[in-house]
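In what follows, chains are A, B, ... by sequence order, proteins preceding strands, each numbered from 1.
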There are 2 protein chains.
Amino acid sequence: MRADAQRNYARLLAVAEEEIALNGADASLEQIARIAGVGSGTVRRHFPTRHALLAAVFRDRVESLCAQARDRVGRTDARAALLEWLSAVTTSAATIRGLAMALNRDRAADAEHEHCATTQLTEAGEPLVRQAAGVLAPGVTIADLLALITGIALATEDHPDPAAEANRLFALAVAGLSPQGEVRRPAAAR
Amino acid sequence: MRADAQRNYARLLAVAEEEIALNGADASLEQIARIAGVGSGTVRRHFPTRHALLAAVFRDRVESLCAQARDRVGRTDARAALLEWLSAVTTSAATIRGLAMALNRDRAADAEHEHCATTQLTEAGEPLVRQAAGVLAPGVTIADLLALITGIALATEDHPDPAAEANRLFALAVAGLSPQGEVRRPAAAR
DNA sequence: TTGCTAAACGGCGGGGGTCTCCGTATCGTA
DNA sequence: TACGATACGGAGACCCCCGCCGTTTAGCAA
């Protein structure tokens, strides 16, 4: 890659991160180009789709989460290991503007890309779930957990303290909103 | 209201309902105007904001849900009454394209309008929650339940069977994803 | 150093969307 | 039937996404 291309790539990434933090996943690409001082074509060359830009912006963060998951595999307190990680994911999803929407969108895209954030998180979290299978409600998958988390993050995006609120809601869901009764029964609910 | 205005209003509402069902809450207002055979100014006159249009389109449905809530107040099995109603809300939010997003947005708008859908549902559901307070986890409010439901609906919007998936996730949250013990948050995120 | 070439750049043009405003057509009434 | 209030339509200004192409420039090689 040519030196000027590298410079522009880095610049765009930095600007995009700011702009997305400010305006969410729908931030204007044109605006990003303007701030970065490049033509709109340059943005498009480096990031052919909006999804590509989002993926690049959030890559480090997602990889960090995946690493955190790997670090927790094999711990004896499987439940705590899983819940702590999920809480970290929740905090990121709720705090980093646009991340939740990005995660949600590429779940919709139906695993079109192998390296999309949702896929990565799913693969990273799967061992933790398997490990903790005994203490989870029957039928709960890593996909369910991530779906719930992204949903919660979307729903709390405009709360004064999104991370706290999201974690609170997720904790409620983990413990059960109304836990009595059919807790351990796998039969279909209505 | 003049007769032609009434006609246009009704036409627009019908077209908007279709178009939103097809393309979600971001459906093009211009497109709606075109299909309805009116000028774009007419759309904006009847519905000054996108929110106003969404509110009008979903009004009947929301009122039906509110009515269902009222019908359930006073039932002896308070828990079932609440859960059934929440399931109905979940089904609507997940099935009717754009509704979840509309609900989510007007929660963000911070009760700007008294008659917004979220407010209505909150008021309608509150008695059911109070009634069932004894069997709910401490600290759970009607706002929490609705936030969770809209979040779940958003996250399952592109699932093959959104209603089933959303209800499944919500049922899991009600019973508890991992019902025993307490959820702990990690010492430091990242 | 100087050419040269492929890679990268910028921005134009077309297609849409939102929002505002105003001249005009139409309704309902006197 | 005539008239005023009301509603209509669409033009204009602005922004955004997307594809394309003429121009510039980095980096290698002579």
*Asks:* Can you tell me if His46(B) touches the phosphate of dC8(D), counting only side-chain N or O atoms and a distance under 4.0 Å to OP1 or OP2?
*Replies:* yes
*Asks:* Hey, what else clusters with Leu22(B) if you join Ile, Leu, Val, Met, Phe, Trp, Tyr whenever side-chain heavy atoms sit under 4.5 Å?
*Replies:*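 Noted: Leu22(B) shares its cluster with no other residue.
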*Asks:* Please set out all donor-acceptor pairs under 3.5 angstrom arising from side-chain atoms of residues 128-135 of chain A, sequence neighbours excluded.
*Replies:*
from	atom 1	to	atom 2	distance (Å)
Arg130(A)	NE	Glu126(A)	OE1	3.2
Arg130(A)	NH2	Glu126(A)	OE1	2.4
Gln131(A)	OE1	Gly74(A)	N	2.6

*Asks:* Indicate yes or no for a side-chain donor-acceptor contact from Ser87(B) to the backbone of Leu83(B) under 3.5 Å, with no hydrogens or angles considered.
*Replies:*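 A pair under 3.5 Å: no.
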*Asks:* If you link ILVMFWY side chains whenever their heavy atoms are less than 4.5 Å apart, which other residues fall into the same cluster as Leu154(A)? By chain and number, please.
*Replies:* Met101(A), Met101(B), Leu154(B)
*Asks:* Give me each pair satisfying side-chain hydrogen bond (donor to acceptor under 3.5 Å, both in side chains) with a member in residues 57-70 of chain B, each pair once, sequence neighbours excluded.
*Replies:*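 Passing the test, one end in residues 57-70 of chain B: Ser64(B)-Gln68(B).
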*Asks:* Going by salt bridge (charged side-chain N to carboxylate O under 4.0 Å, His left out), name the pairs with one or both residues in residues 149-175 of chain A, residues two or more places apart or in two chains.
*Replies:* Arg97(A)-Asp158(A), Glu165(A)-Arg168(A), Arg168(A)-Asp144(B)
*Asks:* Base, backbone or nothing for each nucleotide of nucleotides 10-18 of chain D, written B, S, -, heavy atoms under 4.0 angstrom, 5' to 3'?
*Replies:* BB----SBB
*Asks:* Rounded to whole angstroms, how far apart are CZ on Phe47(B) and C1' on dG17(C)?
*Replies:*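 These atoms are roughly 19 Å apart.
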*Asks:* Got a sec, which residues hit salt bridge (charged side-chain N to carboxylate O under 4.0 Å, His left out) with Asp4(A), two or more places apart in sequence or on another chain?
*Replies:* Arg2(A)
*Asks:* In residues 2-12 of chain A, what residues come within less than 4.0 Å of DNA chain D, judged by heavy atoms?
*Replies:*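 By residue number: Arg2(A), Ala3(A), Asp4(A).
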*Asks:* Under the side-chain hydrogen bond (donor to acceptor under 3.5 Å, both in side chains) rule, what pairs show up with a residue in residues 21-36 of chain B, not counting sequence neighbours?
*Replies:* Glu19(B)-Asn23(B), Asp26(B)-Arg105(B), Gln31(B)-Arg34(B)
